[in-house]
Student: 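Sharing a structure with you now.
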Amino acid sequence: MGNPLFDQLFAPHRGSDAVFLTLPDGRQITYGGFLETVGRYANLLTWLGLKPGDRVAVQIAKSPEALAVYAACVQAGLVFLPLNTAYTPDELGYFVGDSEAGLLICDDAEVDALRSVAGEAAVETLNADGSGSFAVKASETSPDFATVARDEDDLAALLYTSGTTGRSKGAMLSQRNLLSNARILAEHWRFTGDDVQLHALPIFHTHGLFVATNIALLTGGQMIFLPKFDLDAVLRLLPQATAMMGVPTFYTRLLSDDRFDRDLVRNMRLFISGSAPLLADTHVAFEERTGHRILERYGMTETNMNTSNPYDGERRAGTVGMPLPGVDLQIIDDHSDPVPQGEIGQIIVRGPNVFQGYWRMPEKTAEELREDGFFLTGDLGCVDADGYVQIVGRSKDLIISGGYNVYPKEVELVLDQAPGVLESAVIGVPHPDLGEAVLGVLVADGGVLDESAILDGLHQSLARFKHPKALTVLPELPRNAMGKVQKNILRQELADFFERERGQRRREE
């Protein structure tokens with residue numbers, strides 16, 4: 001019995017002089033050199049007392065070392081728990097406690113604040129420049145490590161995804177979930193060892209880590225590894241790349257710069273977009289500017305990728321393509337019966353990519369993961385006559401802003417505590433740059449609200465990406481006969497909020 005994920009993604013590259021990562025300053029890291037670091041990290045994780053199946057929580061900046069921690073967890077049979085670097089200590093404390101992580105790795109600058117919420121977890125530091133207590137201790141270990149045997153159904157990662165109500169849920173992803181999806185995507189999108197990905201995504205969620213990175217590892221390709229999306233850096237490095245995965249914001253920002261033209265992308269073969277809907281206007285403008293048709297796909301934390309527009313063939317704007325090989329996708333009504341072709345219903349999916357359930361939440365797992373293997377995504381969509389899937393909304397009120405998931409209830413709980421606020425509702429409305437932006441709708445408790453002070457007060461409790469881009473005040477919130485706030489009405493009435501706001505600024509200028 002081996003370790004399927006490590007054996008197929010990492011082990012084939014031992015001793016290889018092929019370039020794995022190219023950094024913004026031109027420094028390059030070979031596959032062989034990377035795996036030596038992985039071995040040292042795996043030895044240290046074992047020395048720290050972690051045993052197969054233990055969770056390792058990681059909140060560190062994107063870096064080659066951060067990737068090495070992921071690989072070391074796979075090699076040592078540990079469960080990797082990446083956490084958004086924007087999470088506050090209060091938020092992070094829940095994830096570490098709920099997962100019962102044995103180790104928390106964080107940045108030196110955050111260590112004092114995080115020790116108080118780490119609970120029983122040991123704490124080590126690892127910084128973007130490769131320094132920190134974890135790196136120092138690892139440097140004293142051997143690069144040789146005997147890979148721990150694991151089965152395809154053993155957990156490889158735990159990713160937390162909140163619901164619109166209730167507490168965050170830990171999606172359990174097995175080796176099979178990650179490996180099967182990487183194989184299918186590499187083949188479907190035609191990745192080979194000759195590809196050079198321009199990687200500007202974060203690596204604390206599925207898109208940047210389990211899609212982009214795993215595909216590079218599986219095929220032996222190279223990644224130009226940027227700490228984040230920086231327009232000047234991306235424009236400078238695009239001529240060296242053959243492929244890029246991004247969120248819609250990446251593409252709108254590229255189109256905003258005149259330097260981005262057909263000549264700049266002459267070596268590119270593929271642009272992929274996901275994590276949020278891509279506006280049809282962006283599709284058209286991108287193709288006119290570059291000659292490239294962006295390929296959209298659809299995935300979730302719980303399932304990795306489910307559908308994709310074709311590599312060869314028509315890439316239809318407004319759709320997320322067709323189910324990937326091995327993925328069974330259906331559209332059902334409120335009675336769980338399949339709807340006629342073209343009609344809207346809830347999207348459900350089944351396949352080797354679908355997660356194993358929610359960490360220590362058997363009731364929630366039973367609600368959303370049926371006994372026949374179908375996962376109820378909560379997304380509303382339809383399938384056209386040619387098999388293309390269109391997502392029309394979400395039965396849950398999840399907001400996807402700039403590729404990040406924002407859950408309204410979490411923001412509402414904080415806004416409701418702000419001085420002078422009687423109640424709040426948080427919705428997502430169209431935004432030209434973010435695709436969808438967070439808008440807070442407030443009802444005042446008799447007086448005049450200080451909107452600027454309310455926004456400023458969110459920093460302690462919420463990560464920056466969750467903050468409303470704006471607040472608006474209404475006399476009351478629309479409700480149905482049962483007293484439930486009708487967010488669909490708010491979204492309809494405020495759909496052009498940011499467009500009107502932008503028009504007002506232009507008039508004032």
Side-chain angles (χ1 to χ4, degrees), residues 8-10 12-35 37-38 62-68 70-71 181-203 206-247 250-251 253-254 257 259-275 286 289-297 305 308 311-312 315:
Q8 294 192 44
L9 296 189
F10 302 100
H13 307 300
R14 279 198 179 101
S16 172
D17 291 330
V19 174
F20 174 39
L21 302 174
T22 297
L23 305 182
D25 61 3
R27 183 165 60 96
Q28 294 187 318
I29 297 173
T30 66
Y31 272 99
F34 175 76
L35 282 168
T37 300
V38 171
K62 180 180 178 181
S63 67
E65 289 75 20
L67 279 187
Y70 159 54
N181 212 228
R183 287 177 183 145
I184 290 296
L185 294 173
E187 181 178 351
H188 194 76
W189 293 337
R190 310 288 175 83
F191 276 89
T192 72
D194 294 329
D195 273 303
V196 180
Q197 281 192 55
L198 184 53
H199 193 303
L201 292 162
I203 56 170
T206 294
H207 196 171
L209 186 61
F210 299 142
V211 178
T213 302
N214 280 0
I215 286 175
L217 289 162
L218 185 66
T219 59
Q222 181 188 153
M223 295 193 295
I224 301 173
F225 207 59
L226 302 182
K228 61 180 180 179
F229 182 88
D230 176 88
L231 183 59
D232 288 334
V234 170
L235 289 169
R236 175 172 59 85
L237 294 167
L238 263 174
Q240 302 174 30
T242 65
M244 185 174 90
M245 299 184 197
V247 297
F250 288 12
Y251 298 117
R253 291 181 180 172
L254 283 170
D257 196 297
R259 291 174 292 174
F260 183 64
D261 58 20
R262 193 174 293 247
D263 184 61
L264 193 77
V265 299
R266 63 188 180 277
N267 293 327
M268 293 289 291
R269 68 171 186 86
L270 185 60
F271 290 96
I272 298 171
S273 183
S275 298
F286 197 91
R289 181 85 68 89
T290 67
H292 282 275
R293 187 79 167 167
I294 296 172
L295 186 153
E296 273 196 278
R297 85 300 180 280
M305 299 303 107
S308 172
Y311 185 83
D312 295 318
R315 301 176 188 171

Student: Do you know the tightest heavy-atom contact between Tyr251 and Ile272?
Tutor: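 Scanning both residues, the minimum pair turns out to be OH-O, 2.6 Å.
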Student: Under the ring pair (Phe, Tyr, Trp, His ring centres under 6.0 Å) definition, can you give me all pairs with a residue in residues 226-245, not counting sequence neighbours?
Tutor: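 The answer is Phe229-Phe250.
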Student: Show me the donor-acceptor pairs, under 3.5 Å and distance only, between side chains in residues 234-246 and residues at least two apart or in other chains.
Tutor:
from, atom 1, to, atom 2, distance (Å)
Thr242, OG1, Asp195, OD1, 2.6
Thr242, OG1, Val196, N, 2.9
Thr242, OG1, Val196, O, 3.4

Student: Do Arg293 and Phe271 form a cation-pi contact, if we require the NZ or CZ to be under 6.0 Å from the six-membered ring centre and within 45 degrees of the ring's axis?
Tutor: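 Cation-pi check for Arg293 and Phe271: fails.
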Student: If you define the side chain from C-beta out and look only at heavy atoms, does anything of Arg259 sit under 4.5 Å from Asp232?
Tutor: yes
Student: With a sphere of 6.0 Å drawn around CD of Glu187, does it hold more than 12 non-hydrogen atoms of other residues, nucleotides or ligands?
Tutor: no
Student: Specify the closest pair of heavy atoms between Ser273 and Val247, including all atoms of both residues, with the distance to one decimal.
Tutor: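 Residues Ser273 and Val247, closest heavy atoms: OG-C, 4.0 Å.
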Student: For residues 14-26, dump all side-chain donor-acceptor pairs below 3.5 Å to protein atoms at least two apart in sequence or in another chain.
Tutor:
from, atom 1, to, atom 2, distance (Å)
Arg14, NH2, Thr147, OG1, 3.4
Ser16, OG, Ala18, N, 3.1
Thr22, OG1, Gln28, NE2, 3.1
Thr22, OG1, Gln222, OE1, 2.6
Asp25, OD1, Arg27, N, 2.9

Student: What heavy-atom pair brings Phe10 and Ala71 nearest, and what distance separates the two atoms?
Tutor: CE2-CB, 3.4 Å
Student: Determine the minimum heavy-atom distance between His292 and Met268, stating which atoms define it.
Tutor: CE1-O, 3.1 Å
Student: Could you tell me the separation between the CG atom of Leu201 and the OG1 atom of Thr213, rounded to the nearest 0.5 Å?
Tutor: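 The OG1 atom of Thr213 is 8.5 Å from CG of Leu201, to the nearest 0.5 Å.
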Student: Give me the atom names and distance for the closest heavy-atom approach of Met223 to Ala216.
Tutor: CG-CB, 3.7 Å
Student: Do His13 side-chain atoms and Leu217 backbone N/O form a donor-acceptor pair below 3.5 Å?
Tutor: yes
Student: Please check: side-chain N/O of Arg289 versus main-chain N/O of Phe286, any donor-acceptor pairing under 3.5 Å?
Tutor: no
Student: Report yes or no: is the cationic atom of Arg315 (NZ for Lys, CZ for Arg) closer than 6.0 Å to the six-membered ring centre of Tyr311, at no more than 45° off its axis?
Tutor: yes
Student: Test Phe210 against Tyr70 for ring pair (Phe, Tyr, Trp, His ring centres under 6.0 Å), laying out the working first.
Tutor: CA-CA 10 Å; Phe210 299 142; Tyr70 159 54; 5.7 Å; yes
Student: Less than 4.5 Å apart, any side-chain heavy atom of Val265 and any of Phe260?
Tutor: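 Result yes, sub-4.5 Å side-chain heavy-atom pair found.
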Student: Mind checking whether Thr290 and Asp261 have side chains closer than 4.5 Å, heavy atoms only?
Tutor: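 No, every pair of side-chain atoms sits at 4.5 Å or beyond.
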Student: About how many Å separate CZ of Arg266 and CG of Leu264, when rounded to the nearest 0.5 Å?
Tutor: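 CZ of Arg266 is found 7.5 Å from CG of Leu264.
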Student: Quick check: closest heavy atoms across Trp189 and Ser308, and the distance to 0.1 Å?
Tutor: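 Closest approach of Trp189 to Ser308, heavy atoms only: NE1-OG, 2.9 Å.
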